[in-house]
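Worksheet for the structure shown next.
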Protein chains: 2
Amino acid sequence: MGLRERKKQKTRLALIDAALDLFHDQGYEATTIDQIAASVDVSPRTFFRYFGSKEDVALALPADSLDIFLAELSDRPESESPFVAMSQAMRLTLGAMGQRDEADHERFVKTRKLLDNNPAFMAGQMRLLMASEQRLLAEISRRRGTDDLHSHFVLALFTAVARVGFEYCQPDEVRDADALARRLDETLAIAEQSLVPGWDK
Amino acid sequence: MGLRERKKQKTRLALIDAALDLFHDQGYEATTIDQIAASVDVSPRTFFRYFGSKEDVALALPADSLDIFLAELSDRPESESPFVAMSQAMRLTLGAMGQRDEADHERFVKTRKLLDNNPAFMAGQMRLLMASEQRLLAEISRRRGTDDLHSHFVLALFTAVARVGFEYCQPDEVRDADALARRLDETLAIAEQSLVPGWDK
DNA sequence: GTAATTTATGTCAGTGAGTGACAGATGACA
DNA sequence: TGTCATCTGTCACTCACTGACATAAATTAC
């Protein structure tokens, strides 16, 4: 990887860090792009060359996580049913979050705090997810063998479970990757008890 | 109801109609608030006294529907489990949509077309729903007798089913209230087959 | 090592959403 | 009719976001 590429990665991470810190210190709405750009010594125009919008920089890590999730899902064995495959992929994704270097995990936790304090971001996460909806749907339909309304139901149900796992925390609750993983397992357990065996076949 | 109130209702509906027509004719992004305001002979500032944002005017009818849904839900008998109560309330809400006067149903269909062609609006609908999430959650917890993670699961599952019912249509499919009602019933049937009896108790 | 070629960045000018403040117009009501 | 509350238009402003162009820096070719 050349110098140019390394510089870009560095700038990208610097922008994310500056944004997360400013969002935390003075609030999301009160933070301007100019402030973020200024604290990285970069022009505002450059900010928009890295992130399409102010929301995008806040959701940069969730977006990365989604990519990891999609990659993990592709690696799941054919024998697993759609819901099981997605559940396992999600577990592995959260596991990977917990095993990153210090700085990366710091960003993860800061992002979690930000999303917890601004429920409006949930819509943004939905937007992210829906951008990959077609890919997910194709994967589900492939594993099920048919492409019908039932596939949509499986997808919607999984996103619902994922949402519950990520949302709804106590104000002072620790929200690192491990805590999230535990919460996801709890939610998956409830789902398992509620659904009839083979419902996603 | 006085003249002032009637005028306001009239302006509100005129803004919605103008917006929906402009969105349809030239696209959502390409339509400006100034254009909407101009076609109703109202200042742009006044537009924002009726709607908080450009998105809000597009989602005006879904927002109204949500209010109706919440009212219907309150009227459901105590004997119904949370999921059944929400399902019935949703059926009644869609039924009410189909029995409105011509102009209102026209707006309903136009809004549906708009949302179908701009998947980005799904996030907006989520935002709407989440604004009432606390009320819904309270209702579910009340009917279940406890307030725990399971209540969140019931809520998420219902919103998932509702989403599947409203989303995913063929490009040329008719999307009036009756068609939506049928689609919702289909989806509810799938949910019923997939869930163990008493899962939402 | 230098020259030619990409590619990233800064500057500038502009659009459009959204907001606060104030003054004037218009129903509501005694 | 006159007073009061409320709605509206105008103005000025902030901020997110974008296209165009010139410059600077990294990559590649020679």
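Since the model is a prediction, treat every value here as computed from it, not as a measurement. Chain identifiers are assigned alphabetically (A, B, ...) following the order of the sequence lines, protein sequences preceding nucleic acid strands; residue numbering begins at 1 within each chain.
Remark: the A:Thr93 side chain and the A:Glu72 side chain contain no N/O donor-acceptor pair separated by less than 3.5 Å.
Panel note: side chain B:Asn118, backbone B:Phe121; no donor-acceptor pair is recorded below 3.5 Å. Within the 3.5 Å criterion, the main-chain N or O of A:Asp56 finds a donor-acceptor partner in the side chain of A:Ser53. The main-chain N or O of B:Thr187 is never found under 3.5 Å from a side-chain atom of A:His150 such that the two would form a donor-acceptor pair. Using a distance-only test at 3.5 Å, with no hydrogens or angles considered, a donor-acceptor pair links the side chain of A:Gln35 to the main chain of A:Thr32.
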How does protein reach along nucleotides 3-12 of chain C, written 5' to 3' as B (base within reach of a heavy atom under 4.0 Å), S (only sugar-phosphate), or - (no contact)?
---BBSBBB-

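Between the C1' atom of C:dG27 and the CZ atom of B:Arg6 lies a distance of 11 Å, rounded to the nearest Å. Rounded to a whole Å, the CD1 atom of B:Ile33 is 17 Å from the P atom of C:dT15. The CD atom of A:Gln35 sits 8 Å away from the P atom of D:dC15 (whole-angstrom rounding). With rounding to whole Å, A:Phe48 atom CZ is found 14 Å from C:dG14 atom C1'. One atom, CG of A:Asp34, and another, C1' of D:dC17, lie 11 Å apart when rounded to the nearest Å.
B:Glu139 has no carboxylate O lying under 4.0 Å from a charged side-chain N of B:Arg76, or vice versa, which leaves the two without a salt bridge. With salt bridges taken as basic N to acidic carboxylate O contacts below 4.0 Å, none links B:Glu80 and B:Lys201. Ion pairing between a basic and an acidic side chain is recognised when a charged N comes within 4.0 Å of a carboxylate O; A:Asp17 and A:Arg107 show such pairing. Of the charged side-chain nitrogens involved, none lies within less than 4.0 Å of a carboxylate oxygen, so that A:Asp178 and A:Arg182 do not count as a salt-bridged pair.
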Between N or O atoms, less than 3.5 Å apart, protein on one side and nucleotides 2-4 of chain D on the other: list the pairs.
none

Would you tabulate the nitrogen or oxygen pairs shorter than 3.5 Å linking the protein to nucleotides 28-30 of chain D?
none

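To the nearest 0.5 angstrom, A:Leu184 atom CG is 6.5 Å from A:Arg91 atom CZ.
For B:Arg142, the CZ atom is densely surrounded, since the number of other residues' heavy atoms within 6.0 Å is greater than 12.
B:Ser141 pairs by the side-chain contact (heavy atoms from CB on, under 4.5 Å) definition with B:Asp147, B:Ser151, not counting sequence neighbours.
Between A:Phe69 and A:Phe158, the ring planes lie parallel to each other; the angle is under 30°, not in the 30° to 60° tilted range.
Within residues 51-59 of chain B, the residues approached by DNA chain C to less than 4.0 Å at the level of any non-hydrogen atom are B:Gly52, B:Ser53, B:Lys54, in residue-number order. Remark: nothing in residues 16-32 of chain A comes within less than 4.0 Å of DNA chain C through any heavy atom.
Of the candidates B:Asp104, B:Leu61, B:Asp64, B:Ile68, B:Ile68 is the only one forming a side-chain contact (heavy atoms from CB on, under 4.5 Å) with B:Met97.
Because its NZ or CZ atom is not both nearer than 6.0 Å to the ring centre of B:Phe48 and within 45° of the ring axis, B:Lys54 does not count as a cation-pi partner of that residue.
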